[in-house]
Amino acid sequence: VGDALSTRLGLPLDIQAKALTLRRSSHRLSEEIGYSKSYPGLKTAYMVNEVNVYIIDPQIVNGLIGLPSGTEFAFARREDYQGPETGEYVVTHFQWTTKDDLEQRHSILLRTSAALADEESQFRGYTHELDRNTSTTMEGLFCCRVPSPEALHVPGSLSSTGSPSSPMTGKGSGASGSVAALAALMRGRQTNWSTARRAARKIRDRDYTCKHFHDDLVESFPELRLYMVQDPNACTSGRTPDDEYQRTMGALFAIYWILRLDMGGQDGFCFGVDDEGWWPRTSDESPADAVEAEQWKKRVAFRDAFDWGRIWSLLRDAGLLFHKTVEPQGHDPERVLAMLVLMAIHDIMKVTPLLPTVDRKAKEFCGYKTGELISDHDAALSYVLEYHPELLPSFAGLPKAQQESVRFTHCKLDYNMGWLVQAEASPGALFRTFRKVVTSGQASSRDIAFYFVHWFTDLAGAEPTPLSGCEKFALRFPQHVLSRFMESFSFVQGLSPTNTETQVLEDYLVGSWERARPSLGPAPEGQGAVAKMRLLLMAQADGATLMRQYEALCQEDRHVLAEEMAITGCRDQVFKRDSYIGGKGPAILLYYSPALLQKMGCKDPSGLIILAEVWRQARELWPLSRQEADSTVTVRIDALKDLESCDVFASGGCHIWVVCRTSSRDGVVKQYPAAELKCINWADHQVVAFSKEQRRRPKAKHKHAPRLTDLFKPGGRANASKRDSQAWWRMCSARSRAAH
């Protein structure tokens with residue numbers, strides 16, 4: 001158990017010994033039979049060892065493995081297959097669940113195991129004993145999925161690569177070997193436009209059920225079959241092809257539900273549908289058992305608390321709904337049809353054999369050069385829409401204006417919504433590409449809203465259980481985070497030729513400050529105004545306490561935060577409420593800075609001190625200049641974000657924190673053993689001194705003792721005397737021996 005927690009979750013053994021206790025009597029060995037995720041269709045028996053581990057000291061694991069808030073987390077480990085040279089890193093994403101949800105999953109798995117075991121027993125006389133004390137779990141999963149279409153098989157020469165050994169061109173398709181697999185699979189397939197337009201036209205009819213909608217979608221869009229390609233390495237997402245198909249149908253159903261909010265659509269969105277005509281279930285129904293009853297409470301709570309009016313407004317802004325005074329049917333069928341086509345095709349390039357390569361005609365696309373496989377599924381779809389739209393008949397048949405809206409939604413906007421709602425990035429990093437697309441005339445405010453509707457419904461359908469409603473939001477997604485995302489939409493829609501990146505971010509910061517509860521008064525102005533507003537969103541904590549901690553910082557740290565957080569990364573742009581003049585760059589984005597502040601809490605000023613010091617030393621590696629006013633540098637602080645402040649500040653002679661420049665636009669904070677410092681190229685590294693003792697200038701009587709940050713900054717070693725350097729190395733060696 002200790003090895004599993006260490007190698008799979010990254011929880012060190014010493015922390016386990018202090019914070020966890022294992023209840024050995026809880027150990028249970030069970031057998032589950034299910035279909036393999038790696039080899040679709042292959043029935044597999046899994047021997048599962050389960051044991052209960054209890055946290056006896058929450059403070060020790062605070063900030064580790066997503067605790068105490070139970071947030072999602074990820075861990076990377078290296079898998080060596082046939083030797084140290086042949087391995088690769090495997091990143092696993094984990095999500096906490098409640099005890100009741102866990103029991104429900106057990107029950108579904110056991111039911112499915114029973115069914116599959118009975119099936120096996122017809123051939124092998126297999127007998128399977130179940131633990132009857134455990135209540136239900138894959139039966140529930142499978143009954144919440146829509147029927148899957150028949151699988152498609154990629155020709156052997158095209159399997160897993162997306163390109164054949166020789167060019168392959170379909171008659172009339174104009175497709176070269178760069179999209180040969182897609183051309184082969186789509187040859188002869190056409191969109192049924194009569195049923196597609198019927199779905200778009202009747203989507204708001206009261207007697208048009210979710211079942212009618214599903215049947216019309218399946219009959220209309222041949223591209224939906226592409227999700228069911230059978231290939232050993234079918235999906236880049238790591239999911240099964242059927243999972244991706246179910247998630248796509250979930251996103252399409254989310255569109256159906258939100259367009260019917262004035263006729264009970266929120267019930268279908270939150271509760272799913274019944275088994276008969278796929279009519280929406282309601283909160284009045286009686287849950288089947290205690291587990292479902294607990295989940296039912298969550299669904300009801302989400303339905304009652306979510307701001308559905310904001311979605312209704314977004315649909316109008318996107319042109320999907322008319323205002324009440326226009327058109328009796330209430331929606332624009334052509335615009336809705338474009339959204340349905342977008343959702344049907346938006347993830348098809350997660351299917352590995354469909355990935356295109358850049359042909360000579362394109363020369364280069366999104367950084368990929370001629371002959372290179374486009375491995376990014378969004379960029380791959382954009383490539384097909386740009387150079388081979390005829391291979392996707394549902395897209396090719398849309399009016400030109402609707403095609404442009406779809407293209408905009410899938411172009412590379414370099415927009416990170418998390419950076420905005422947590423104020424993690426400067427205006428340039430956030431919005432430059434987005435605004436460039438808008439100002440070039442490629443998109444209107446309607447298209448931006450269209451993009452956000454797509455984002456919302458795509459995430460709503462993220463669970464492969466479309467018949468049980470949008471479970472991602474109703475059961476799993478933190479509602480306060482979703483609310484912040486929704487609030488940000490209207491601000492981003494303000495991007496225009498006359499409304500700059502900096503103006504949009506400043507409007508969002510001011511709006512967030514004014515909505516803070518308890519109230520913090522008027523939005524700040526003058527020196528440090530932007531820093532205060534950004535820190536409020538980054539820390540996601542009590543604003544008054546955070547502001548007191550900010551004001552209590554030493555003047556040097558306050559100045560660093562005030563200046564660095566007000567640099568826009570946009571030439572000739574400044575924040576109006578801040579006194580920082582600007583005009584220089586690059587802006588420095590400290591990746592994971594919100595996670596660090598949220599981990600350390602608003603009552604501990606250590607997080608602010610750490611950010612100030614990292615910014616200060618990173619600026620030594622990327623000095624301010626007018627030539628770089630339009631650029632942004634990203635410095636990752638992954639190594640710091642999960643540590644306790646005492647662990648960060650305790651680093652002394654044995655290990656030294658440094659900022660390392662890995663490229664002209666990237667850097668990372670690392671910790672080096674003192675013994676390795678002699679080998680570092682100090683032109684690309686800068687010592688980060690967090691503790692007061694390390695940052696304090698030596699007194700006169702210690703004039704031969706060099707300051708740590710001076711000794712190792714670029715050029716610093718050359719300026720320090722040989723005696724200084726030798727004395728410092730002896731000090732490090734002594735501390736290292738004492739520590740060991």
Side-chain angles (χ1 to χ4, degrees), residues 144 146 195-221 247-285 299-300 302-344 449-450 452-463 465-474 482 486 489:
C144 294
V146 298
T195 56
R197 288 194 165 86
R198 179 174 65 198
R201 185 179 68 254
K202 294 176 68 67
I203 194 168
R204 283 182 39 79
D205 287 3
R206 290 188 177 276
D207 59 351
Y208 187 67
T209 68
C210 187
K211 182 70 167 66
H212 296 143
F213 180 64
H214 164 267
D215 293 346
D216 282 346
L217 293 177
V218 172
E219 187 176 345
S220 300
F221 303 130
R247 295 171 81 226
T248 297
M249 295 306 299
L252 286 161
F253 285 4
I255 296 170
Y256 172 85
W257 297 124
I258 64 175
L259 281 168
R260 301 168 65 90
L261 291 179
D262 57 341
M263 55 185 84
Q266 54 267 60
D267 284 338
F269 190 98
C270 297
F271 305 117
V273 297
D274 61 26
D275 296 332
E276 301 298 325
W278 290 14
W279 291 98
R281 301 176 71 183
T282 67
S283 58
D284 298 331
E285 295 186 25
R299 295 175 188 267
V300 172
F302 177 84
R303 185 202 61 181
D304 293 344
F306 187 66
D307 187 356
W308 299 103
R310 195 180 292 273
I311 289 293
W312 203 246
S313 297
L314 185 65
L315 292 171
R316 287 201 180 103
D317 292 342
L320 295 163
L321 285 180
F322 292 125
H323 290 280
K324 292 181 179 179
T325 56
V326 184
E327 299 293 337
Q329 73 268 29
H331 71 286
D332 183 345
E334 287 300 311
R335 193 72 167 160
V336 169
L337 180 59
M339 179 61 72
L340 298 181
V341 169
L342 169 62
M343 297 311 302
F450 193 84
F452 284 126
V453 172
H454 165 260
W455 177 90
F456 178 84
T457 52
D458 183 27
L459 186 56
E463 297 295 329
T465 52
L467 296 182
S468 63
C470 300
E471 292 190 324
K472 184 68 173 181
F473 286 159
L482 179 59
M486 299 299 297
F489 292 169

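- Of all heavy-atom pairs between Phe450 and Ala318, the closest is N-CB, 3.6 Å.
- Taking both residues in full, the closest heavy atoms of Tyr256 and Cys210 are given as OH-N, 3.2 Å, listed atom of the first, atom of the second, then distance.
- Minimum heavy-atom separation, Asp205 to Arg201: OD1-O, 4.4 Å.
- Taking CH2 of Trp312 as the start and CG of Leu259 as the end, the distance is 7.0 Å to the nearest 0.5 Å.
- Formation of a donor-acceptor pair under 3.5 Å by the His331 side chain with backbone atoms of Ala200 is found in this model.
- Atom CZ of Phe306 sits about 4.5 Å away from atom CG of Leu482, to the nearest 0.5 Å.
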Anything under 3.5 Å between a donor and an acceptor, one on a side chain of residues 454-461, the other on a protein residue two or more places apart or in another chain? List them.
| residue | atom | partner | partner atom | Å |
| --- | --- | --- | --- | --- |
| Thr457 | OG1 | Val453 | O | 2.9 |
| Thr457 | OG1 | His454 | O | 3.3 |
| Asp458 | OD1 | His346 | NE2 | 3.0 |

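- In this structure, CG in Leu467 is found 4.5 Å from CH2 in Trp278, a value given to the nearest 0.5 Å.
- The salt bridge (charged side-chain N to carboxylate O under 4.0 Å, His left out) analysis of residues 254-265, with sequence neighbours excluded, yields the pairs Arg204-Asp262.
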**OP:** Test Ile311 against Met486 for side chain to side chain contact (heavy atoms under 4.5 Å, CB included), laying out the working first.
**Re:** CA-CA 8 Å; Ile311 289 293; Met486 299 299 297; 3.1 Å; yes

Original post:
How far apart are the C-alpha atoms of Glu285 and Thr282, what are their side-chain angles, what is the distance that settles it, and do they pass the side chain to side chain contact (heavy atoms under 4.5 Å, CB included) test?
Top reply: CA-CA 6 Å; Glu285 295 186 25; Thr282 67; 4.0 Å; yes

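- Here the closest non-hydrogen pair linking Cys270 and Phe302 is SG-CD2, 3.6 Å.
- For the residue pair Gly319 and Asp332, the shortest heavy atom distance occurs at O-CB, 3.5 Å.
- Here the CG-CH2 distance, from Asp275 to Trp279, works out to 15.0 Å after rounding to the nearest 0.5 Å.
- Considering Arg281, Arg303, Arg299 as possible partners of Asp267, the one that fulfils the salt bridge (charged side-chain N to carboxylate O under 4.0 Å, His left out) test is Arg303.
- At distances below 3.5 Å, not a single donor-acceptor pair connects side-chain atoms of Arg206 with backbone N or O atoms of Met263.
- Under the 3.5 Å distance criterion, with hydrogens and angles disregarded, a donor-acceptor pair is assigned to the side chains of Glu471 and Thr465.
- To the nearest 0.5 Å, the span separating CG on Leu321 from CG on Leu261 amounts to 8.5 Å.
- In this structure, the side-chain contact (heavy atoms from CB on, under 4.5 Å) partners of Asp307, at least two apart in sequence or on a different chain, are Arg310.
- Shown here for Ala251 and Met343, the closest heavy-atom pair between the two residues is CB-CE, 3.3 Å.
- Distance check, rounded to the nearest 0.5 Å: OG1 of Thr209 to CD of Glu276 gives 12.0 Å.
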